[in-house]
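Each remark here refers to the structure printed beneath this line.
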Amino acid sequence: MLQYAAIAMLMLGLYGLLTQRNIIKIIVSINILEIGLNLFIVSVGYVEGGIAPILTSDFNNNGLVFVDPLPSALVLTAIVIGVGTTALGLALAKNIYQKYGTFEIDEMGEE
Amino acid sequence: MIDILLMILTGIGVAFFGFVLQTSIAGVNRKVVARVQKRYGPKWYQEFLDIFKLLSKRSVTHGWIFDFGVIMALGVIIGTAMFMPLTSSFMAFDGYDNFFIFVYLIAVGMLGMAMSASGSGNPLASIGVMRALTTMLAYEVPFMIVVLTIIKLTGTSSLSEIGLFQQVAGNSWFLIALPIGGIVAVMALMGMLGKKPFETYIAPAEIASGPMVEYGGKQLGMLFIMHEITVFIEVSLFVHLFLGGAENIVLFIVKYFVVYTILNIISSVYGRFKIDQVVLFFYKWPLIMAITQAFIAIYLGWVI
Amino acid sequence: MSAILLIAVPLLAAFISILFKKYAHYILVFVSFASVFALEYMDLGTITVGGFNAPFGIVLILDDYSLIALYIVNTLFFLVAILNCNEFKKVGSIMLVALAGLNGLLLTGDLFNLFVFLEVAGIAAYLITTTNKKPLATFNYLIQGTVGSSLYLLGLILLYAMFGTLNMADMASSIASSGYGAGVTAFPFLLMFIGFGVEAKLLPFNSWTKGILANSNRLTGPMIASVYAAAIGFVFGRLLTNVFVIEDTFLIIVTIILIFSVVAGEAMAYASTKVREILLYSSVAQAALVVVVFMSGFTGWAVYLIIGNAAAKLVLFLITNTATKQLGNDDVETFKGLFVNNKIIGLSFTAVTLSVIGLPMFLGFVTKMNILENMFVSGDYIWPAIILITSVVEGIYFIRLLLNLWYKENDLPEVKFEFVLKYVVVIIALLIMVFGVYTEPVQESADDLVAYSYIEGGNL
Amino acid sequence: MTVEFLILVALASGILAYFVGRLNKVLGAVVTIVASMFIFIMIGYMMQDINAGTTFNYNAVEYMPDFVTFMVTYLGLFFAILVTFIFAMVSFFNPFFVEKYKYPALYSMLYLFSLAGVLGVFLTDNFMVLFFFFEFIVWSGLFLIPLGKNNKAAISYYAFSTAGSFALLYAIFIMFAETGSYNLHLGLATVSGTTEGTYVLALLAFAAFAKLGAFPLNVWLPRALGKAPDPITAVFSGGLEKLGAFVAVLALVKLAPVGDIAGTLGGLTEATFLFASQYIVATLGAMTIIFGTLMAIRQDDAKKLLAYSSMSNGGYILVALSLGGTLGLSGGLYHIVAHALASAAAFLAIGAVSRVTGTTKMSELGGMIHKMPVTYMVYLIAIISMAGIPPMGGFISKWLIFQAVIDNGLILIAVAVFFGSIGSFLYVFRPLAALFLGQELPQHRDKAKEAPFFMLLPMLILSGLIVFTGVMPNIFLDFINDVIAELGGTGLLLGDYTITGVNGVLQPTLIASVFGVGVLIAFIIFILLKKSKKVGLMDTYTAGNFIYTEELMHYSLDFYAPLERLYEKHINITKDFYKKLENKVVDFGRMVKYFFFTNKPEITVFWIIILIGFLLWGEL
């Protein structure tokens with residue numbers, strides 16, 4: 001179920017990119033896209049009836065069914081990278097606003 | 001060495017004979033044309049008188065190229081006439097009377113005259129030369145296509161052998177064997193001789209007689225001689241190619257006379273074409289007829 | 001010393017350079033110089049990061065293929081750094097991050113690690129292009145770069161879901177043994193292909209290139225067009241030859257994209273009148289050509305094509321951008337007669353262009369002939385026809401450009417090229433000419449490169 | 001005297017000419033003379049070795065990659081001697097022309113580089129080396145042309161010759177895929193007769209057409225030759241076009257013709273044994289002749305006119321080679337020699353005129369004969385040979401080609417061939433009348449003076465050779481017979497002075513001597529009669545009114561006005577075709593730019609979704 005939600009968000013992000021002409025809205029839709037993607041990555045690691053993949057004193061034998069830890073590790077980096085790009089995007093948005101005085105790409109006119 | 005000298009002498013004899021023959025027949029034809037125009041016409045040797053009168057006169061020259069051109073023109077035409085076989089057996093240089101030599105050496109004569117005419121500095125002369133060359137472009141191609149058919153059928157391009165081929169019992173003269181080709185050849189011959197419908201380039205009424213405008217005295221006389229010998233070459237070409245050459249000299253003279261007179265009569269009733277009409281005319285009907293004749297004769301083999 | 005230093009040292013230097021703002025560019029020049037020479041002492045083999053061996057942990061692979069790639073990218077990077085160090089002072093630290101990202105890209109053997117380094121290099125690239133003073137174009141590049149790499153990540157995760165591994169060699173062997181039909185793996189591979197297509201400037205995905213390169217300056221032009229292009233080309237090559245399995249529908253899509261990129265690239269270059277646009281569109285076509293050669297399996301010659309193109313684009317963009325800065329705009333009209341009074345620059349520009357077209361006496365000629373020869377031997381008749389026809393078109397617009405630049409009588413544009421630039425440009429042109437004539441080493445090294453491009457499989 | 005040594009000498013002297021040229025322009029050009037003469041003489045020596053019947057195979061030189069081999073064959077040597085001779089003769093002109101150009105040192109260097117390229121192309125038996133030097137000539141020729149007037153011509157030259165050489169490359173690779181080696185003879189032998197043979201034939205013919213400037217690909221020839229510096233036009237039309245003829249020989253002669261025997265058109269008694277491919281090439285050659293002649297007749301610039309004439313002569317060579325057989329081959333090869341000499345001499349004469357007057361436009365020139373009589377005579381002899389008139393070499397080759405055309409019974413091609421030869425009288429006479437003869441225009445009267453001795457020397461040598469090839473052709477025809485024998489045909493039947501064709505015997509010496517006797521007689525008549533009074537050019541028959549301005553009395557503009565009017569409307573068919581082709585490419589480029597390159601990110605996203613949709617079309 002979670003995977004369908006993730007894919008829906010991914011689609012939503014792509015739709016946002018396709019239609020929006022406002023810089024901020026584009027950045028927002030990029031974020032939606034990335035969140036959808038991260039959700040999908042996490043959902044890949046889900047194992048039916050698995051428990052959190054942390055070896056504690058009472059869950060130390062690996063006979064138990066653990067949830068796959070790797071995708072969630074990957075998601076960490078993916079989120080960090082998403083943050084980086086969004087920060088850069090916003091900084092650029094400030095520059096664009098300074099230069100063109102608007103966020104609408106159409107009003108900026110071809111340089 | 002001696003026989004080469006002998007051959008050259010016979011060649012010069014042939015050329016001289018050609019000049020005398022043509023000038024006298026031209027004189028007779030002037031009387032025939034006069035009769036057509038309801039007048040008596042001058043004596044038969046009037047042509048000779050004109051030429052020798054001109055040769056004796058003192059005239060003007062426009063520089064060395066003006067004279068060199070005239071000498072080259074007359075010289076080349078005499079050279080070409082030396083190759084001409086009179087009868088199918090008698091010729092100066094046995095076996096070397098190739099058709100292409102005649103076509104191209106006449107072109108050299110034309111080039112010599114053109115060179116000296118342009119060298120005279122008179123623009124009218126250059127225009128006349130331009131007209132002469134354009135007309136040559138017009139009548140030459142259909143004529144050569146018909147000759148191509150003849151060469152392809154007879155397998156040889158030497159005039160005397162073509163003549164002998166036609167005299168063989170079975171085959172008739174090419175004028176009859178290739179009817180359409182014959183008509184084209186007649187039209188082309190009229191173009192070559194500069195007879196009425198196509199005489200734009202040397203017509204007296206046009207631009208002060210075209211290329212000849214600046215000539216006088218001996219230059220004009222020499223060009224008249226050149227013109228006579230050229231006519232001799234062209235008409236005897238026609239006789240050898242289309243009328244089966246001649247067993248003996250008398251037959252050659254009779255055929256020659258008949259061809260030249262009929263042409264004169266035809267031309268005396270015609271008006272005159274403009275230059276682009278000449279080109280358009282020759283590239284419409286004669287060319288198509290020549291190509292169909294060639295196709296029929298070579299590929300389908302229908303030779304009468 | 002192990003290859004990991006190539007990534008660690010630039011990163012460390014990047015952070016140090018933030019502390020000493022003033023010396024940033026000196027650190028940059030020093031580190032890039034050091035990294036070029038450090039390559040000499042690197043021992044080949046695979047380096048496991050953090051003790052986990054291959055299929056589980058991230059592993060860096062240094063074999064002949066990545067060694068040559070590192071040499072080329074580092075030397076080009078060093079040249080760009082040297083030429084721009086005094087002009088672009090504040091870019092020092094970003095460049096160091098970019099160097100680390102690029103080295104990481106070339107070394108990594110793990111797909112997710114590749115995504116991370118792709119993003120690191122990408123972000124560094126976005127920051128470098130901000131020096132163009134065109135924020136909208138950089139924004140456009142950012143958005144497309146992020147979309148591309150997210151799709152790459154999606155494709156990656158799908159593959160992980162199917163085969164459970166992220167290591168390239170392991171992935172390749174498990175795909176082969178898994179017996180899945182090509183149709184199954186086509187979708188993730190297409191996503192990864194698109195992800196890389198954006199960076200490698202393949203046509204449908206590269207609308208950012210016009211914004212970035214058309215108004216680039218002495219730093220961004222060479223950086224994006226030659227250094228990044230070379231690095232991405234090498235990595236894409238490694239992916240194409242090792243991991244990707246290209247069959248029917250996926251093959252059709254990829255061939256359509258490539259044919260369209262090559263043909264449209266040349267047509268666009270033919271139609272444009274600005275010098276930088278001509279170079280930009282021709283590099284789009286060249287990039288597509290590189291991918292084609294990789295796909296047909298002659299990795300050795302694809303490497304030489306990348307080297308030839310990267311060196312050529314470096315020289316071309318350096319000269320064009322220097323001239324544009326001093327002349328204002330880069331129309332062919334204003335450039336007319338540029339070389340009349342600076343002949344050395346002109347000669348090297350001509351030599352490099354003729355090598356890109358593939359005329360004799362140059363490296364480009366040797367590469368193109370061998371590529372065509374191998375294609376014919378492998379029975380492919382269509383691609384050589386396309387390559388030849390497009391190189392005729394390419395030849396025409398380059399020669400038109402050259403003739404305009406050389407032959408003009410009056411009011412010539414005055415452009416001053418400093419000595420370092422002349423020195424670098426002449427050396428590259430001479431190298432291209434020398435290897436164009438003396439083709440012995442090029443022939444052998446190209447053939448044995450083909451053998452090594454396949455990784456011998458991590459530790460398995 | 002190995003081939004590599006000669007090529008190295010050419011390259012080295014090229015570089016030497018560059019450096020010497022930097023010091024002193026004229027000295028650089030003198031180096032070109034010395035180098036090209038040296039190479040010509042060396043090639044001449046090589047002729048002796050080859051006559052001993054051994055074809056030398058100088059192979060493998062250490063520093064070149066292993067497959068570089070050279071082989072001196074009769075065919076290669078024939079072309080090499082001819083082209084190096086033209087290069088040597090034209091190089092005499094370099095010192096006088098080199099100051100005018102923007103990069104004089106580059107000029108002399110590239111001149112010798114193209115000479116090296118020529119040696120490389122003709123004297124090798126390896127296709128890749130042939131292509132290497134082929135491109136090398138294109139490359140060096142490319143930077144020579146813009147030294148003249150403008151560089152648009154160089155671009156069209158580059159476009160067509162690269163298209164041609166890439167077609168050659170594709171054919172080479174087809175043969176390489178078949179035989180696994182680049183050997184020229186082996187490649188052509190294995191491929192001829194198979195289906196690949198048709199592709200190779202088509203591609204090689206395309207390359208020959210591009211280099212010769214034949215009908216479909218002729219747009220570059222008049223532009224490039226019209227705009228290039230004068231010595232370069234002479235070298236191009238005399239020498240470099242023969243590359244196209246060389247490739248044509250490879251395509252039409254060494255490669256067995258392909259396609260069914262076209263002659264058996266249902267029940268014809270006169271079945272001609274020509275293959276479909278020979279027919280096609282012959283018809284295209286015929287169209288080249290007609291197109292070249294018509295365009296040459298209406299040109300005002302003498303160089304453009306001669307460029308079109310070399311195009312139509314290229315058509316003759318193509319027709320002759322495509323008909324093959326003894327007559328076709330010997331006619332074609334001899335025409336290559338005659339045309340090379342004639343067009344080189346004609347271009348040099350026009351070059352001499354343009355050096356003094358600065359223009360080759362006939363409407364601005366007139367009466368040059370009075371100041372430059374020797375140049376006039378050289379030009380006269382050259383155009384007599386170009387028009388194919390008896391005493392000169394051109395007539396022999398045209399006579400052989402006529403024999404070949406008539407023997408094969410090709411009527412339509414005969415129409416074109418005859419039209420071409422008669423048409424050549426027209427366009428060849430136009431510069432003679434408009435440029436040399438007619439009124440002497442005042443603005444050129446004071447400036448014009450005869451060309452210096454070192455310019456006259458090559459021109460006189462060339463015209464001497466033209467006359468010699470016309471009067472005593474048997475020496476050249478013997479060598480051509482060896483070439484034909486090597487190519488596998490049977491040589492021409494040659495008596496000591498006679499040439500026997502299929503339907504006639506020709507004795508050129510006899511024609512020349514009879515020509516001489518005739519002129520002697522006319523001269524005697526002329527001398528015996530009264531001497532005429534010398535009168536100036538302005539003193540002409542003008543019906544009484546006085547004339548003062550020479551320009552009005554000089555007829556040179558629109559010389560063949562009635563003829564030109566007939567086909568004025570559709571002159572630039574091919575030019576428009578290539579213009580449209582170019583516009584198509586530009587429109588396609590702009591369309592792609594419009595659709596794919598805007599500053600809005602959604603374009604890429606849109607195309608990504610389209611692609612993914614395309615892939616998943618069937619699955620969902």
Fill in: Under 4.5 Å from any heavy atom of chain B - which part of L412(D)
side chain
Discussion item. If you take the centroid of each ring, where Trp contributes its six-membered ring, are F19(B) and F232(B) closer together than 6.0 Å?
Written reply: no
Practice prompt. Give the ring-plane orientation class for F66(B) versus H62(B), where under 30° counts as parallel, over 60° as perpendicular and anything between as tilted.
Written response: perpendicular
Worksheet item: Under a 4.5 Å heavy-atom cut-off, does chain B meet the side chain of F429(D), its backbone, both or neither?
Response: side chain
Worksheet entry | Winner by heavy-atom pair count (cut-off under 4.5 Å) against chain B, out of L432(D), L506(D), L510(D), L566(D) | L510(D)
Worksheet, complete the sentence: Within residues 6-13 of chain B, the residues sitting under 4.5 Å from chain D by heavy atom, in sequence order, are I8(B), I12(B)
Worksheet item: Which atoms of M377(D) come close to chain B, meaning under 4.5 Å heavy atom to heavy atom: side chain ones, backbone ones, both, or neither?
Response: side chain
Discussion item. Which one wins on heavy-atom pair count under 4.5 Å against chain D: G75(B), S56(B), A294(B)?
Written reply: G75(B)
Item to complete: Give me the ring orientation class for F102(B) and F83(B): parallel if the planes are under 30° apart, tilted from 30 to 60°, perpendicular past 60°.
Response: perpendicular
Worksheet item: Are Y427(D) and Y560(D) close enough that their ring centres sit under 6.0 Å apart?
Response: no
Worksheet item: Cut-off 3.5 Å, side chains only: do D97(B) and S160(B) have a donor facing an acceptor?
Response: yes
Fill in: chain D contact via M226(B) - side chain, backbone, both or neither, heavy atoms under 4.5 Å
neither
Discussion item. Run the ring pair (Phe, Tyr, Trp, His ring centres under 6.0 Å) test against F402(D) and tell me which residues pass, sequence neighbours left out.
Written reply: F100(B), F418(D)
Worksheet item: For residues Q293(B) and T149(B), is any side-chain donor paired with an opposing acceptor at under 3.5 Å?
Response: no
Worksheet item: Just checking, any donor-acceptor pair under 3.5 angstrom between side chains of E161(B) and T156(B)?
Response: yes
Worksheet item: If you count heavy-atom pairs under 4.5 Å with chain B, which of K530(D), K531(D), R430(D), K533(D) comes out on top?
Response: K533(D)
Worksheet entry | Under 3.5 Å: donor-acceptor pair, side chain of D407(D), backbone of Q403(D) | no
Fill in: Option that, when pairs with chain B are counted at under 4.5 Å, heavy atom only, ranks first among I389(D), I406(D), L520(D)
I406(D)
